[in-house]
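What you see below is based on every heavy atom in this structure, not just the backbone, and it leaves out hydrogens, waters and symmetry mates. Naming convention: chains lettered A, B, ... in sequence-line order (proteins, then strands); numbering from 1 in each chain.
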2 protein chains.
Amino acid sequence: MKLTPLQQEFVLHFGEMGSRWGINRTVGQIYALLFLSSEPLNADSITGALGVSRSNTSMGLKELQSWNLVRLKHFQGDRRDYFTTPEDLWEIVRILVAERKKREIDPTLTKLRELEMSGPAGDDYAEARIAELRELIEMMTGFYAEMEKLETERLVKLMTMGQRIAGLIDKAGGVLPALTKRK
Amino acid sequence: MKLTPLQQEFVLHFGEMGSRWGINRTVGQIYALLFLSSEPLNADSITGALGVSRSNTSMGLKELQSWNLVRLKHFQGDRRDYFTTPEDLWEIVRILVAERKKREIDPTLTKLRELEMSGPAGDDYAEARIAELRELIEMMTGFYAEMEKLETERLVKLMTMGQRIAGLIDKAGGVLPALTKRK
DNA sequence: TCTTCATTTCAGGAATTTCTGAAATCTCTG
DNA sequence: CAGAGATTTCAGAAATTCCTGAAATGAAGA
């Protein structure tokens, strides 16, 4: 499978960005390729298009599956696995945010709670700092949980409200939560 | 400088998480150490506390400075540089988000625009997909720009509104933006 | 200007991650 | 259940990233 120049450049860019995004080059390239393909692709097409080894493709696809970023498809009379990305970009965003939260935030939140549970350490500043950090993360993950519940339509509306958001926040009733209190 | 068990465990955790966060172990540990210190620390204290080489500390601090994550302090009659993290956790969050956007999103947004500018490639699906992705990222960065403008107090209020957000969105006037349109 | 202390640079070694080819496993079909 | 096709596993090679010690640079005070 030969790539068009457009596909080629997009694929290479995703490969280069991979390391910043916490995936390796091949995984980035595979994802980019699937993202631009109207048709599902099998592992051999991917291998050919990217010029990597078959086993590398296999590992990359496994990694993408562990991220929930690809969908498996099958065709009548063909035993091979075919892969696609979700059509709906919002679904992709939801998956990405959920997975990054799981990998980058949750373990730390757990660790902070553990540290707090293990009782006073006679280190007031550190303890306060840890508690504050945990509260902040909890607030942010709580907000995330609410955003996650919104259907795409509402989410889009919120994201395109512009400066009107500030006004809306002010108009809304409710108590100022403890975390805001000034030092 | 000897660490308390609490500091020790926190520091080691940040070191381990470093690779998932896109920084190396030493950078993670230095940041964790500074985060838990009520007093600013100089490079030698850090080196001693973490048991790494002086040059590694130097490079780590440089990296943290490039992320804008540490502040420099000086004391009367002491030529050495001392480092701290911002007291205000919300400031830290703002910096982190801004820097990650700069490193992980902006280059791709630029690339997508370039690809679109380089004219029709005779690959309708890929072109549409790229345009759609660019629009999505623009919407999200636009939303981010609004959030960035909010003072912390309003931000906290928004983040703790819970399910009331959905209602607020509905009550707010405004047109449904094009991006929502169903396929 | 010289000396001393602080910091940075950098070449090369250590550690880790990525990738490959070959072999193993899995799974259909005849 | 044998054989062919598809996929995965895995040991080691290749590439990359991280870290160190030594040397270079910078910056203040004598």
Side-chain angles (χ1 to χ4, degrees), chain A residues 1 11-34 40-67 70-84 103-104, chain B residues 1 11-34 40-67 70-84 103-104:
Chain A
M1 182 183 160
V11 162
L12 291 178
H13 175 79
F14 268 54
E16 286 161 11
M17 293 299 289
S19 56
R20 301 197 194 186
W21 296 337
I23 56 178
N24 67 42
R25 178 177 27 207
T26 308
V27 172
Q29 291 186 352
I30 294 174
Y31 189 77
L33 179 61
L34 294 177
L41 301 177
N42 63 44
D44 281 320
S45 314
I46 296 170
T47 300
L50 301 183
V52 298
S53 72
R54 180 62 183 75
S55 55
N56 196 4
T57 300
S58 176
M59 291 188 301
L61 285 168
K62 230 182 108 191
E63 169 87 357
L64 285 172
Q65 284 175 285
S66 86
W67 276 82
V70 292
R71 302 274 169 271
L72 210 49
K73 274 204 115 186
H74 286 104
F75 293 100
Q76 174 63 245
D78 187 338
R79 286 156 59 181
R80 292 171 295 179
D81 292 338
Y82 285 78
F83 300 88
T84 38
R103 288 155 203 250
E104 300 182 9
Chain B
M1 181 183 162
V11 162
L12 291 179
H13 175 79
F14 267 55
E16 286 161 11
M17 292 300 287
S19 56
R20 301 197 195 187
W21 296 337
I23 56 179
N24 67 42
R25 176 174 34 207
T26 308
V27 172
Q29 291 186 351
I30 294 174
Y31 189 78
L33 180 62
L34 294 176
L41 302 177
N42 63 46
D44 280 320
S45 314
I46 296 170
T47 299
L50 301 184
V52 297
S53 72
R54 180 62 182 74
S55 55
N56 197 4
T57 301
S58 175
M59 291 187 301
L61 285 168
K62 228 183 106 190
E63 169 87 356
L64 286 172
Q65 284 175 286
S66 86
W67 276 83
V70 292
R71 302 274 169 271
L72 210 50
K73 273 205 116 187
H74 287 104
F75 293 101
Q76 175 63 246
D78 187 337
R79 287 157 56 181
R80 292 170 295 180
D81 292 337
Y82 285 77
F83 299 88
T84 40
R103 289 155 204 251
E104 300 182 9

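A straight line from CD of A:E63 to P of D:dT7 spans 19 Å, rounded to a whole angstrom. Here D:dT7 presents its C1' atom at 14 Å from OH of A:Y82, a figure rounded to the nearest Å. Atom P of nucleotide D:dC19 and atom CD1 of B:I30 are separated by 9 Å, given to the nearest angstrom. A:D78 places its CG atom 10 Å from the C1' atom of D:dA6, with the value rounded to the nearest Å. Look at CG on A:L72: it is 14 Å from C1' on D:dT8, rounded to the nearest Å. We find that CZ of B:F83 is positioned 12 Å from C1' of C:dT8, with the value rounded to whole Å. Whole-Å rounding puts the B:L50 CG to D:dC18 P distance at 16 Å.
For residues 12-34 of chain B, the set of pairs meeting the side chain to side chain donor-acceptor pair (under 3.5 Å) definition, not counting sequence neighbours, comprises A:T108-B:H13, B:T26-B:N56.
Defined by atom type and a distance below 3.5 Å, a donor-acceptor pair is missing between the side-chain atoms of A:T47 and A:D44.
Counting non-hydrogen atoms under 4.0 angstrom, A:D81 reaches the backbone sugars and phosphates but no base.
Among all heavy-atom pairs drawn from B:T57 and B:I30, the shortest one is O-CD1, 3.9 Å. Nearest heavy-atom pair, B:F83 versus B:L34, reported as atom, atom and distance to 0.1 Å: O-CD2, 3.5 Å.
Side-chain contact between B:S45 and B:Y82 is absent, with no heavy-atom pair separated by less than 4.5 Å.
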>> For a quick check, with a 4.0 angstrom heavy-atom cut-off, what is the B/S/- contact string for nucleotides 17-30 of chain C, read 5' to 3'?
In response: -SBBB-----BB--

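For A:K62 and D:dT9, the shortest distance from a side-chain N or O to OP1 or OP2 is below 4.0 Å.
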